[in-house]
Student: 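Let me give you the structure first, and then I'll get to my questions.
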Protein chains: 2
Amino acid sequence: MKNSPFEDLDLPPEFISLVGATILSHAIQKNYETSELAHCTNKHQKMMLVILQHPRRMGELAKLLNMLPSSVTAIADVLEDLRFVSRERDPNDRRAWIVTLTDEGADMRQKLIAEASMRFRELTNLNADEIQELARLLTKTTDNISVAGFPNEALE
Amino acid sequence: MKNSPFEDLDLPPEFISLVGATILSHAIQKNYETSELAHCTNKHQKMMLVILQHPRRMGELAKLLNMLPSSVTAIADVLEDLRFVSRERDPNDRRAWIVTLTDEGADMRQKLIAEASMRFRELTNLNADEIQELARLLTKTTDNISVAGFPNEALE
DNA sequence: TCTGGATGTTTCACTTTCTGAAGTAATGTT
DNA sequence: AACATTACTTCAGAAAGTGAAACATCCAGA
């Protein structure tokens with residue numbers, strides 16, 4: 001059984017990490033699609049639900065998700081149709097919309113998080129310490145990505 | 001400066017890891033597009049070059065990249081037009097094609113790896129030990145994903 | 001050897017997703 | 001008041017992903 005695509009390579013650890021991150025992310029997202037929760041079809045819809053732990057403006061969502069405003073509009077439209085979020089004008093800036101989870105959306109968000117965590121354990125087979133360490137390293141990483149202004153430039 | 005989309009969350013470490021992996025992978029792939037190497041436009045083309053450290057059959061590529069055979073055909077067509085790979089019949093099974101890097105393709109492969117590694121260091125700001133540890137954890141993960149038969153089932 | 005079923009790949013039409021330009025409305029700046 | 005900027009939406013075209021059908025080859029059993 002030849003498992004890894006990289007079995008006999010002396011790739012730099014940076015690259016191995018990158019590929020590992022990609023495979024992991026891809027695998028869980030593929031896996032998701034076969035679940036009960038599949039009616040939020042795509043990964044961006046799921047990700048938007050997850051980062052809506054509190055209400056956010058459309059533009060903020062676009063930056064966080066690293067997407068174009070027009071894509072955020074499309075995704076929010078779907079989530080609104082599904083009654084997972086509602087949109088209201090920002091009273092402080094009437095150009096902007098504020099997106100808020102509905103109760104149903106908050107429910108789905110919890111389920112998504114729980115399901116992803118379960119899949120993660122199944123797929124990775126890491127022990128609790130290792131998961132903790134991985135989370136630490138990747139938190140440091142994403143914090144730095146945000147601080148570096150890349151790819152979400154000028155996030156405030 | 002409010003950085004992380006998860007600043008005030010008590011998400012499980014599994015989920016944080018998953019999101020971190022996704023953000024990291026996404027960030028570097030976005031970044032890639034602005035580089036000199038952008039003419040291999042999409043991430044799957046790049047990934048295919050990377051895993052072609054030795055010749056592989058189309059079907060093998062599909063499994064490793066977790067894609068449909070028809071998608072692999074499309075990608076290989078592009079890489080062939082770019083003269084990065086060549087396709088020859090497998091002498092042991094004349095239904096199958098074997099994809100091999102050209103010299104030019106091997107060159108590009110090295111550049112892709114080097115560039116991704118550089119971007120990785122810039123983006124993550126992890127020190128050498130941390131990178132090593134991250135690589136270790138993610139290698140364990142991807143190995144397990146393959147062994148678990150998911151998503152690349154029955155990879156042999 | 002013949003036959004039928006499985007396998008490896010390609011083609012093609014289809015659907016979904018992404019992208020970017022143009023438009024609308026509100027804000028802020030001078 | 002005029003003009004530039006910002007926030008978001010709309011829409012149409014481009015790109016990517018999907019799955020059924022076709023084709024050639026392989027393999028196992030009669």
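Chain A is the first sequence line, chain B the second, and so forth, proteins listed ahead of strands; every chain is numbered from 1.
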Student: Nearest 0.5 Å please: distance from the CD atom of B:Glu14 over to the CD1 atom of A:Ile131.
Tutor: 4.5 Å
Student: To the nearest angstrom, how far is A:Leu61 atom CG from D:dT6 atom C1'?
Tutor: 17 Å
Student: Take A:Asn92 and B:Arg57, find for each the nucleotide of DNA chain C with the closest heavy atom, and name the residue whose nucleotide sits nearer the 5' end.
Tutor: B:Arg57
Student: Tell me the interatomic distance from B:Asp77, atom CG, to D:dA15, atom P, rounded to whole angstroms.
Tutor: 16 Å
Student: Could you please name the option among D:dC8, C:dG8, D:dG17 that lies closest to any side-chain atom of A:Ala96?
Tutor: D:dC8
Student: With a cut-off of under 6.0 Å to the ring centre and 45° to the axis, is B:Arg89 in cation-pi contact with B:Trp97?
Tutor: yes
Student: Could you tell me whether the side chain of A:Glu122 reaches within less than 4.5 Å of the side chain of A:Ile28, counting heavy atoms only?
Tutor: no
Student: Please report, rounded to the nearest Å, how far the P atom of D:dT9 is from the CG atom of A:Asp90.
Tutor: 13 Å
Student: Do we see a donor-acceptor contact under 3.5 Å between the side chains of A:Thr22 and B:Ser25?
Tutor: yes
Student: Tell whether B:Ser70 reaches the base of D:dG19 with its side chain through a donor-acceptor pair below 3.5 angstrom.
Tutor: yes
Student: Specify the separation, in whole Å, of atom CE of B:Met48 and atom C1' of D:dA16.
Tutor: 14 Å
Student: For B:Pro91 and A:Val72, take the nucleotide of DNA chain D holding the closest heavy atom to each; which residue's nucleotide lies nearer the 5' end?
Tutor: A:Val72
Student: Is any side-chain N or O of B:Arg95 under 3.5 Å from a base N or O of C:dT9, one able to act as donor and the other as acceptor?
Tutor: no
Student: Taking only N and O in the side chain of A:Arg87, is any of them less than 4.0 Å away from OP1 or OP2 of D:dT9?
Tutor: yes
Student: Starting at atom CG of B:Asn66, determine the distance to atom P of D:dA16, rounded to an integer number of angstrom.
Tutor: 18 Å
Student: Atom CD of B:Glu60 and atom C1' of C:dT9: how far apart are they, to the nearest Å?
Tutor: 15 Å
Student: Measure from the side chain of A:Trp97, starting at C-beta and using heavy atoms only, and say which of C:dG8, D:dT9, C:dT10 lies closest.
Tutor: D:dT9
Student: Between B:Arg94 and C:dT7, is there a side-chain N or O to OP1/OP2 distance below 4.0 Å?
Tutor: no
Student: Nearest whole Å is fine: how far is D:dA7 P from A:Arg89 CZ?
Tutor: 13 Å
Student: Would you kindly compare A:Leu68 and A:Asp93 by the position of their nearest DNA chain C nucleotide and give the one closer to the 5′ end?
Tutor: A:Leu68
Student: Are any non-hydrogen side-chain atoms of B:Leu52 and B:Leu61 less than 4.5 angstrom apart?
Tutor: yes
Student: Just how far, in rounded Å, is P of D:dA16 from NZ of A:Lys43?
Tutor: 13 Å
